[in-house]
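Please read the structure below before turning to the comments.
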Amino acid sequence: MRSLYVYNTLSRDRELFEPETPPFVGMYVCGPTVYGEGHLGHARPAVTFDLIYRYLLHLGYRVRYVRNITDVGHLENDADEGEDKIAKKARLEQVEPMEVAQRYTNSYRENMRALNVLSPGIEPLASGHIPEQIAYVERILEAGYAYVVDGSVYFDVEKYNADHPYGILSGRRIDELQTSTRQLDGQDEKRSSLDFALWKKASPEHIMRWKSPWSDGFPGWHMECTAMGTKYLGETFDIHGGGMDLLFPHHEAEIAQAVAATGKKPVKYWLHNNMITINGQKMGKSLGNFITLNEFFSGEHKSLTQAYDPMVIRFFILQAHYRSTLDFTNEALQAAGKGLKRLFEGVNTLKNLSHTGKASFDAAQLEAQCHQAMCDDFNSPVALAHLFDGLRYINQVKDGKATIDQHTLDHLRTIYNTFLHEIFGLTSEESGNPDVLNRVMETLINLRNDARKNKDFATSDKIRDELAAAGIVMKDSKEGTTWQFEG
RNA sequence: GGUCUCGUGGCCGAGUGGCUAGGCAGCGGUCUGCAAAACCGCCUACAGCGGUUCGAUUCCGCUCGAGACCUCCA
């Protein structure tokens, strides 16, 4: 198996990837909170970890991929006074909380399918794992790292820090944190402002609630990932992923919870994708540049000049390294769209090529370069650059300016299929055209070429222009005329 | 205010102590009845100021600028 290096946030460095029990890999990724439409911010981690998942599978690992659906109990900001996000939305819309969660879960899954993101092996719901979460809180209480106040359970960060360093992931220090935390709901109950809730007692108007030994309430917002990760991947597993914004406090709290309960560090490799911006600005509900995925796909948003194919968004994301910030602009997306189209056309060319002689290109080297890039912390932009380099050779062969042998031809086909489709998950919507359409087009092409031969360009151009108006493009080359649908 | 990340050519984005990705746009050419596509060539940048070095875009320091987290968010 190839040597894969991944950037581990825990060490702030690239490390050789060595799973606990190869060939098995346990991977947990923080999924969406389903209280609203999927947006651009959801696409980045989904595509990033889809790439990682696909590449690990390609390398021969057997991956158990868990991505949760958060459908309970995250606290809102002070304007909402600790009200549950989903409950709040439900009241506004006068429906059951689980109905809201279901609707947006469905919507999220549809978006993921459009982006060709593979389904995780397990997609657990937080609401379906309340007993596991309660049991986990009990373990932490038994270990002495939590305390109960009026039906709520809080994690005792200072006590924990005395035995285990708190902040190993985010690089934060407890004394620095103490001075920079602000007042939140329930603060007076906590011994320290740093402590976080493991279980929250529900206020009377709070409609999402479950029974527990401490109160009718709901789990703290770091609890579900710890409980469900443990349940499906064990007390220690290989990869935990998510957005950089989750680094603190969410992932830090997850480590503390697990160490408090088990004495073991739960995760070997912490992987974090960077954030996206829109026109150089952070995307935020308050900034008015919040674009949902459906708006992207339809183009219905005031800051979009056109609709974007989900594959273009996927390709755009893959063209940047996952640990860099990525800026979405119309210009950049359009550029990506053209690049992607060129790539697909090259693959199509490759499909129709036949061997012509000696190859003047080293396909094995191309393959090695692509893998080298991917093994260096999943550097998809560099791998894509190599594929574009190969494209030039393919087109030269098409133009008769280079030659290719059968072996190289087969090898290139395998490489492009493997990387573009299998690993990058890029698909062209070359839906198998019905035979009848191919026959019709063949006829039209023949008619037009007859006209061209007779220098009846009025007729030949009429055929081409009218087909163009219908969305079909004709392309003349030495080998003859080809056609395709064009947007 | 604290912690951290980053600043690359018209735009997007890799990467490196000397050999300086890739995409898009632009310009010139080849091909073509024309067009499109493709191919060839050109445009060769690393915020600013110091320092280390034979040599720095790449290492160090400072300045300026942007962003993330600390507080719901991917």
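When reading the values below, keep in mind they use all heavy atoms of this one structure, side chains included, and skip hydrogens, waters and symmetry mates. The sequence lines fix the lettering, A, B, ..., with proteins before strands; numbering per chain opens at 1.
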Inset, instruction - Between A:D245 and A:L340, just flag the one whose closest nucleotide in RNA chain B comes earlier from the 5' side. - result: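 Looking at RNA chain B, the more 5' nearest nucleotide goes with A:L340.
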
Legend entry - RNA chain B: 5'-proximal contact among A:L384 and A:G243 (nearest heavy atom): A:L384

Legend entry - Test side chain to side chain contact (heavy atoms under 4.5 Å, CB included) applied to A:T459 - qualifying residues, sequence neighbours left out: A:A451, A:D456, A:I463

Inset, instruction - Would you kindly check if the NZ (Lys) or CZ (Arg) of A:R172 is within the cone defined by 45 degrees around the ring axis of A:F248 and under 6.0 Å from the six-membered ring centre? - result: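 Satisfied, under 6.0 Å and within 45°.
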
Legend entry - Those residues that, when tested against A:T418, pass side chain to side chain donor-acceptor pair (under 3.5 Å) (two or more places apart): none

Inset, instruction - Return the set of residues passing side chain to side chain donor-acceptor pair (under 3.5 Å) with A:N417 (not counting sequence neighbours), or none when no residue passes. - result: A:H421

Inset, instruction - Could you let me know what B:U53 is paired to, Watson-Crick or G-U wobble, both distances under 3.5 Å, or none if it's on its own? - result: none

Check every atom of [options] against the side chain of [X] and return the nucleotide holding the closest atom.
X      : options             : answer
A:K475 : B:A37, B:C72, B:G33 : B:A37
A:N379 : B:A37, B:A14, B:G23 : B:A14
A:R452 : B:G13, B:C69, B:C34 : B:C34

Inset, instruction - Within residues 119-127 of chain A, find the residues that approach RNA chain B with a heavy atom at under 4.0 Å, and present them sorted by residue number. - result: none

Legend entry - Contacting residues from residues 328-339 of chain A, given that a heavy atom lies under 4.0 angstrom of RNA chain B: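 Correct list: A:E331, A:A332, A:A335, A:K338, A:G339.
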
Detail all sub-3.5 Å separations between protein N/O atoms and N/O atoms belonging to nucleotides 39-43 of chain B.
| unit_1 | atom_1 | unit_2 | atom_2 | d |
| --- | --- | --- | --- | --- |
| B:C39 | OP1 | A:N395 | ND2 | 3.2 |
| B:C39 | O4' | A:D399 | OD2 | 3.2 |
| B:C39 | O3' | A:Q396 | NE2 | 3.3 |
| B:C39 | O2' | A:K401 | NZ | 3.4 |
| B:C40 | OP1 | A:Q396 | NE2 | 2.9 |

Legend entry - Ion pair check, A:K358 and A:D405, cut-off under 4.0 Å: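 No, this pair does not count.
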
Inset, instruction - Run the salt-bridge test on A:D376 and A:R14 with the 4.0 Å N-O cut-off and return the result as yes or no. - result: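 Judged by the 4.0 Å cut-off on N to carboxylate O distance, A:D376 and A:R14 do form a salt bridge.
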
Legend entry - P-based separation of B:U57 from B:C46 [nearest Å]: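 One P to the other, the span is 8 Å.
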
